[in-house]
Structures are given as C-alpha cells and as structure tokens.
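This structure is a prediction, so every number in the text was calculated from the model and none was measured. Below, chain A is the first sequence line, B the second, and so on; all start at residue 1.
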Amino acid sequence: MTEFKLLGKDFFERDALSVARDLLGKVIEVTDGTGCCSAVITETESYSGFEDKASHAFGGKVTDRNRVMYGEAGIIYVYLVYGMHVLLNIVTGDVGFPAAVLIRSALPKEGMDLMAERRFKKRPDQLTVKELASLAKGPGNLTKALGITMEDYGRQINKIYGQKSIAFIDSAYTPEYLSSKRIGVDYAKEWAQVPWRFSIRDGFSKF
DNA sequence: AGTATGATGGACT
DNA sequence: GTCCATCATACTA
C-alpha cells in the first residue's frame, strides 16, 4: 500500500524558481486510454515575469499561444517548438503574473512498456542502453514518452479529461540539486545567464 | 500573405 | 564541434 498525495494548486501557487527546484524528485504520472506511466522529475527550468527576456511572456506580451501563462497556477502550458517537439510547462504564481516551469527531464518509473513504445516502437527489453537512458531525457523526449500532446493545452493538473490526466505526486525525496543556465535561450542575452535551471545532482552529470 | 525562427533532438565529422 | 528536419507561431507590412 503506497501512500501518496498529489501536489495541489498551493504547491504551484508560488514563485517559479521555488516550484522548479521543489519539483525535483517529485513524480509526474500520465494516464490516458492506453494506460498509465510515471517518472521522477530530474530537471526543470523556470520562466518568470515581464522582464525575463527568455520567457514567451517577455514585456507582457499576450498571444494565443502564451495566454495561459497569465492564468492560474497548475494550468498546463504546452507548445510546439521546431515544428515537431511538444514542451511541457506548468503555470505558477498568481493570476496576471506570467510564470511557468518547464519540465525538461525525468527518470522512468512505471509504464516502461508504454514509454518504450511511444519513443521507439519497441518493448522495454529491446531497448539499447542509449535508448533506455534517453527515454524521458530532454523536454521533447519527455512529452513523447509520457504521451503529452497539444490537446493538453490549458488543462489543469490532477484533473481527468475524458480518459486523460496529468498528475503530480509528492515525494519525501528531497535530492541535492544544481542550478545552471537555461538551455537554448542564448537570444535572451543577460537573461540567458541566470541560473534558473535546476537538476538533481546525480553524481554523473558534468556540472 | 510572406517570412523568419525556435524553451529540440538526432546524425554525423 | 556542425548540420538540419519541420511547421506553428509571431512578426512585418
């Protein structure tokens, strides 16, 4: 009998940096018509406020894509980059203040068969070591493995929509972590340098 | 209505 | 380290 509790709206109703850091070691669990899978969150990034040049909401910009960043905490903000990758964010903080946490990587926990099928059309025992290690590593790989799609846009976490739900589960695990520069935002100049990326210190990362 | 580009990932040198 | 697939979105006009 596993005791678990969902991370409520209050968890996400805080500043994006705290949420990003505290999300490390927590579990994301996705259920859809094909089944259920979960993974331990190992890497996140925060995007916060009007001044953050790396944020889609920089300068208070509002578009059809980024609109939910101004919404209530716990809303799912997904978008497509490079014409092919879906990236998962959770909105944080107060309504009207644009902020979100990007989930970049996770360690597969349950539902390996689903994740292996979605990523490589293979059974888990057919995966190479490289494939296994990269199952949910990287924001694009993570959403593909977990089955997160654009249809999840604007939905609330921990709620069921038809057969689909994206839940966040608490954990007593509070890992040592590292902070570093955010990835892929060099265009944001000085805002590309702020240490708003968080990752579990696993002893293997070279940071 | 035309164009530039990206909160990536994989292949390759 | 370099190249590039691929297309919705944001921006220019």
Could you state whether A:Ile41 and A:Leu114 fall into the same hydrophobic cluster, counting links through intermediate Ile, Leu, Val, Met, Phe, Trp or Tyr residues with side-chain heavy atoms under 4.5 angstrom apart?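 Result: no, two separate clusters.
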
A:Ile90, A:Met150: one ILVMFWY side-chain cluster at the under-4.5 Å cut-off?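 Cluster IDs for A:Ile90 and A:Met150 match.
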
Here DNA chain B, pairs taken as Watson-Crick or G-U under 3.5 Å and shown with ( ), [ ] when crossing and | when to another strand, reads ||||||.|||||.

Could you give the CD1-to-P distance, from A:Ile103 to B:dA7, as a whole number of Å?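 From A:Ile103 CD1 to B:dA7 P: 17 Å.
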
Quick tally for nucleotides 8-13 of chain B: nucleotides whose base has a protein heavy atom under 4.0 Å get B, sugar-phosphate-only ones S, the rest -, giving BSS---

Hey, does A:Arg65 reach any base, or is it just sugar-phosphate, or nothing, if we go heavy atoms under 4.0 Å? sugar-phosphate

Given A:Leu88, A:Asp32, A:Ile76, A:Leu87, the one that forms side-chain contact (heavy atoms from CB on, under 4.5 Å) with A:Ile148: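 Of all the options given, the one that passes is A:Leu88.
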
Heteroatom pairs (N/O) under 3.5 angstrom, protein to nucleotides 11-13 of chain C:
| residue | atom | partner | partner atom | Å |
| --- | --- | --- | --- | --- |
| C:dC11 | OP1 | A:Lys61 | NZ | 3.3 |

Side chains of A:Trp191 and A:Val185: does their closest heavy-atom pair fall under 4.5 Å? no

Below 4.5 Å, heavy atoms only, C-beta onward: do A:Arg14 and A:Asp22 meet side chain to side chain? yes

Side chains of A:Arg119 and A:Ser134: is there a donor and an acceptor less than 3.5 Å apart?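 Distance-only check passes for A:Arg119 and A:Ser134.
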
List the steps, then state whether ring pair (Phe, Tyr, Trp, His ring centres under 6.0 Å) holds for A:Phe12 with A:Phe168. CA-CA 11 Å; A:Phe12 295 92; A:Phe168 287 82; 5.6 Å; yes

